Amino acid sequence: MDLSTRYTPSEIEESTYALWKDSGAFQPPAPGEGSGRPFTVMIPPPNVTGVLHMGHALNGTVQDIVVRHRRKLGFDTLWVPGTDHAGIATQAVVEKKVYAEEQKTRQELGREAFLQRIWDWKEEHGNMILQQFQRLGCSCDWTRTAFTMDERLSHAVRVAFVDLWKRDLIYRGSRLINWDCVLQTAISDDEIEYEKRKGSLWHLRYPLTGRPGEFIVVATTRPETMLGDTGVAVHPEDARYKDLIGSTCRLPFVDREIPIVADDDVDAEYGSGAVKITPAHDPADYERGKRHRLAQINILEKDGRINAEGGPFAGLTREEARKQVVAKLDEMGLLEKIDKIEHNVSVSDRSKSPVEPMISEQWFVKMQPLAAPAIHALKQGWLQFRPERWGKVYLHWLENVLDWCISRQLWWGHRIPVWYDADEVPVASVEDLKIGDTHPTTGKPIVRQDPDVLDTWASSWLWPIATLGWPDKSSSDLQRFYPTQFLSTASEIIYLWVARMVMAGYAFMDELPEEQRNPFSTCYIHATVLDAKGKRMSKSAGNGIDPLDMIAQYGADAVRFSLILLTKEGQDVRLSPDRFEQGSRFCNKIWNAARFVMMNMAGERKAGSPVLEDRWILSRLAGTTKLVSAALDEYRFNEAASEMYRFVWNDFCDWYVELVKSRLTGADAESAAYARGTLVRVLRDILGLLHPFTPYVTEVLWQQLHEVIGEAASDLLIRAPWPDAAGIGADAQAEAEMGLIQDAVTSVRRVRALTMIGERKSLQAVVSAPAEEVRAVLERYRGTIANLAYLGELEISAAAERPAGSAVSVAAVLRRSCCSAPTWTSPVSSKCSKAAKRRRKRACRPCSANSRTRLSWNAPTPRWSRANGPARPSCARRSRCWRAIRTWVDGRRRPEEAGGIDPCHESGSGADLNCPPNENMRPVEPVGGAGQREPRPPTDKTQATPEVSLRCSVTRLS
RNA sequence: GGGCGAUUAACUCAGUGGCUAGAGUGUCUCGUUUACACCGAGAGAGUCGGGGGUUCGAAUCCCUCAUCGCCCACCA
């Protein structure tokens, strides 16, 4: 065995990943060979242009943990990977690249050639992000890798489109849409961002018709749109304008006479109280325009320049037009004033350019009929969000959903499968129609296909069904793996993606029972990854931490484990690079713990054991297994990871390994054999339980361990059954006794540290405990305690050793000891509360300037010098009294049976006189009574911890 | 404007009415013993954001205020 003392992830990660991949472990068993219990997860397909960021890394880790856990539990587990063609993003990337390399725009290249360039690019770079997921250790079934523009998925998109067409859920409409002038496409409402910008509110004077020299003043943030105005609206009750309602004014430049109308919608308080109406370029005006039957005049070209309607300004860009319009108005004396304001500007989230609302012909999907079953699914509980509160977000969107504009004026994407005849009569078809083919409904020749493509989400909403083979409903994957169980994604795509997938499930899987059409039973919304200052990590802000750098530096396991340890369900996480050190150290700890085990495997191994520490660690293992399994079942990853961290580091390494060392070299062969058996047992289960979190290191150690102990591993760890704590159970006695030993050892160590006695075997300690049972246990394990505390001798005493004077502090004792006194004494009560210490500290202030403040907790206190008795019961004591009474009243346990929790008798100090200390504290009636609180069941803790009070003194032997 | 979340040790966070509020990092002291110095032992560090209330008991439940963050809607 040649394990180095340091775990170096880079040496093993690549080969281990290959080992898994080649073994076929990532694929579910062939049909008929598995357990018949499917478990399916669909990866949220990242953009092909994407690069792995921390959000991906977290999401990949979450999914991989679930998948690996379920696989080990024996489910037929499938995790489908893939990428999204991401229309605008990808087209923009390649367009830029082509222009940089060839100085050609896409228009110059032509549609066919440009699309070919994108495909070339995709072949070359499109798998990058999936490879990065592999670096993270994700155990996806790569044989099923999908791409939203694959032939199969493209076919699904067409079938879905035509299906909706036939159901009359698709229509073409002239609507005010959001136009991105840079990318020259319509974008959906969900692709708009609002940016707070400083701007101006221009007050313009429109001359009133027939009243020379009189004006109506309108306020606007976009003065250039005045060229398209077809009306002015005022509030009907506004006294300033009441008499103008019904009259008209003249629009400068274009010299149009437009009416002044009354509309309740107008806020008389804002601006001038009069609002210009530009129905073709503003959503609110669009509605007002319709109400008052005003004309819609489009003044913009597709690229954002002013068109012929703009009269003298035709051909200018919108920015230029704004300047000139304002300047000219000013010249003409028609500019009343300019207010500086801060307002929200709607900006395209892709190009960051201001969105222009425009009237345009687009394709829409009627959403309400599709949304209804998706709402129902959540309300029925078929779909559950975690954390649950995201369900409200989902519902809110669905209940207020607007029709979905699905056409995009792009080239990269699924071309809309609609063809027209010469009369512009459209028809949708799954199969390609050619120019000249007969139009199926009109019988006339087809003259053209719709040039637009579909919104990216029109393919990704089919992801769970299309990747499994839909529309081929006989597909075995579809039958076997749909619906899926778990979807993990980011909160910002709940509407864009999650809700639409649910709609698609209901719309297209109509032969399944209602509940099973729902595409995933749990939608897990993972944390948002923020930087150390609490800002969202983003490429543009430049505050991102590259997960690949972190993997290179600390290893994939460390990155995964750290992320999970930091990420409590539903809570955003602040990240800085050094956070990954915790995971890295943990991996190293596991590595070395395993190393220790393997270094001690020479000799017989026996299972089970009468030895206390063996019984203890096995009992702890059983408890941990139960807790971790339950946490993973319910997707509480952070809890599971913390518990493993604690168990491995504190229980196994800090105590068990230390306890077992002397036995391994000792003369008692049988005891050593039990130790070896237990070490192997616990280590194997630890590796199994940790595998979903830290797959690489556990897999490698699993292989090594089996080599060392000379047993062939039954399988790779990735497929080995989930540890089930078979044959071991909780051993309350072992845990309680072990607790006493730990307390005793800690007491001695504390005295040693505080008094700074460096000596070891030459020392004798006296540990005193008032309770006889406690002494009996300590007596039994005297050797063990002495061993762990590096003592020559240990005496167990009933008498409370007290410092010479109760006011004496450790510091004082120490000083004396330096001169002559042979004895260091320190009263030590186990589990001395930090809060209590602080209270004491406050009580004994002021400390003298040169005394060692940090030791001053040692002043006598009610807590440990009970003989004096507290003056009155402490708050804690009172509350424990109350609990004891209720426990007794509940009939669960009598106080004396309640494991020593009866505080009234705990010290024999007479502290029970005031119990119950407050006359309001009465036992509650055990039964009945409206509004009565459900009694808490006693916890394990209350049963397990006997009251311990230990003190320790240390004496030099010589 | 509407909704959601956060506020606990110097930092990052656990802690859903009950035992003395915990962990990791950082700090201080001591330490090389069958794995691990990415280690071990020990210590110091908290008015649980403020204020009210409910309760025998509140970090936890309710009200309120403050600060920070996210999402949605958006007034020209």
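Quick note on labels: first sequence line is chain A, next is B, and so on, each numbered from 1. Bear in mind that the values here come from a model prediction, so they are computed numbers and not experimental data. Just so it is clear, the values below take in all heavy atoms, side chains as well, and ignore hydrogens, waters and symmetry mates.
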Q. Which listed nucleotide (B/C72, B/U34, B/U12) is nearest to the side chain of A/H396?
A. B/C72
Q.
Distance check, P atoms only: B/U47 and B/C39, in whole angstrom units.
A. 30 Å
Q) Does a donor on one side chain and an acceptor on the other come within less than 3.5 Å for A/H203 and A/D339? A) yes
Q | Euclidean distance, atom CZ of residue A/R389 to atom C1' of B/C70 [Å, nearest integer] | A | 10 Å
Q.
Whether A/K568 contacts B/G15 is assessed here as follows: a side-chain N or O lying under 4.0 Å from the phosphate OP1 or OP2. Is that the case?
A. yes
Q: Round to a whole Å and report the spacing from CG of A/L701 to P of B/C36.
A: 15 Å
Q) Does a side chain donor of either A/D229 or A/T278 reach within less than 3.5 Å of an acceptor in the other side chain? A) yes
Q. Do A/W591 and A/Y7 make the cut of ring centroids closer than 6.0 angstrom?
A. yes
Q.
Considering every strand and a 4.0 Å limit on heavy-atom distances, what is the contact class for A/R222: base, sugar-phosphate, or nothing?
A. nothing
**Q.** Pair partner, B/A6 [Watson-Crick or wobble, under 3.5 Å]
**A.** B/U67
Q. For A/R585 and A/N588, does a side-chain donor sit closer than 3.5 Å to a side-chain acceptor?
A. no
Q: To the nearest Å, give me how far apart CZ (A/R579) and C1' (B/C11) are.
A: 7 Å
Q. Counting any heavy atom closer than 4.0 Å, what does A/T221 reach on the DNA or RNA strands: base, sugar-phosphate only, or nothing?
A. sugar-phosphate
Q: Look at the rings of A/F586 and A/W649 and say which category their plane angle falls in: under 30° parallel, 30 to 60° tilted, over 60° perpendicular.
A: parallel
Q. Within the structure shown, what part of the strands sits under 4.0 Å from A/V393 by heavy-atom distance: base, sugar-phosphate, or nothing?
A. nothing
Q: For B/C75 and B/C11, measure between their P atoms and round to the nearest Å.
A: 41 Å
Q.
Nearest heavy atom decides the nucleotide; on that basis, is A/K392 or A/L565 closer to the 5' end of RNA chain B?
A. A/K392
(Q) Show every salt bridge (Lys or Arg N to Asp or Glu O under 4.0 Å) that has at least one partner inside residues 652-663 of chain A, sequence neighbours left out. (A) A/E613-A/R663, A/D614-A/R663, A/E658-A/K661
Q.
Is the ring pair A/Y645/A/F561 parallel, tilted or perpendicular, if the boundaries are 30 and 60 degrees?
A. parallel
Q | Separation of B/U12 P from A/F580 CZ (nearest whole Å) | A | 16 Å
Q. Counting only Watson-Crick or G-U wobble pairs whose two distances fall under 3.5 Å, which nucleotide matches B/A14?
A. none
Q) Using atom P of each nucleotide, how far apart are B/A14 and B/C61 to the nearest Å? A) 15 Å
(Q) Distance check, P atoms only: B/G17 and B/A6, in whole angstrom units. (A) 15 Å
Q: Report the distance from atom CG of A/L788 to atom P of B/G42, rounded to the nearest whole Å.
A: 11 Å
Q | Nearest-neighbour nucleotide for the A/V266 side chain, B/U12, B/A76, B/U34 considered | A | B/A76
Q.
Only pairs with both distances under 3.5 Å count, Watson-Crick or wobble alike; so what is the partner of B/A58 in this structure?
A. none
Q: Starting at atom CH2 of A/W390, determine the distance to atom P of B/C70, rounded to an integer number of angstrom.
A: 12 Å
(Q) For A/Y645 and A/E639, find the nucleotide of RNA chain B closest to each by heavy atoms; which residue's nucleotide sits nearer the 5' end? (A) A/E639
Q | Nucleotide nearest A/R574 when distance is taken to its side chain, options B/U34, B/A76, B/C13 | A | B/C13
Q) For A/E388 and B/G3, what is the distance between atoms CD and C1' respectively, to the nearest whole Å? A) 17 Å
Q. Nearest-Å distance, CG (A/D651) to P (B/A23)?
A. 13 Å
Polar pairs (N or O, both sides) under 3.5 Å between protein and nucleotides 39-41 of chain B?
residue: B/C39; atom: O3'; partner: A/K589; partner atom: NZ; Å: 3.1
residue: B/G40; atom: OP1; partner: A/K589; partner atom: NZ; Å: 3.2
residue: B/G40; atom: OP1; partner: A/W649; partner atom: NE1; Å: 2.5

Q: Using the C1' atom as the reference point in each nucleotide, state the distance between B/C48 and B/A58 in Å, no decimals.
A: 11 Å
Q.
Rounding to an integer number of angstrom, what distance separates B/A43 and B/G5 when you compare their P atoms?
A. 39 Å
Q) Hey, are the side chains of A/Y241 and A/I260 touching, using non-hydrogen atoms and a 4.5 Å cut-off? A) no
Q) Considering Watson-Crick and G-U wobble pairs with both distances under 3.5 Å, what does B/C74 pair with? A) none
Q. Which part of the nucleic acid, if any, lies within reach of A/R663 when heavy atoms closer than 4.0 Å are counted: base, sugar-phosphate only, or nothing?
A. nothing
(Q) When both hydrogen-bonding distances must be under 3.5 Å and the geometry is Watson-Crick or G-U wobble, what is B/C39 paired with, if anything? (A) B/G31
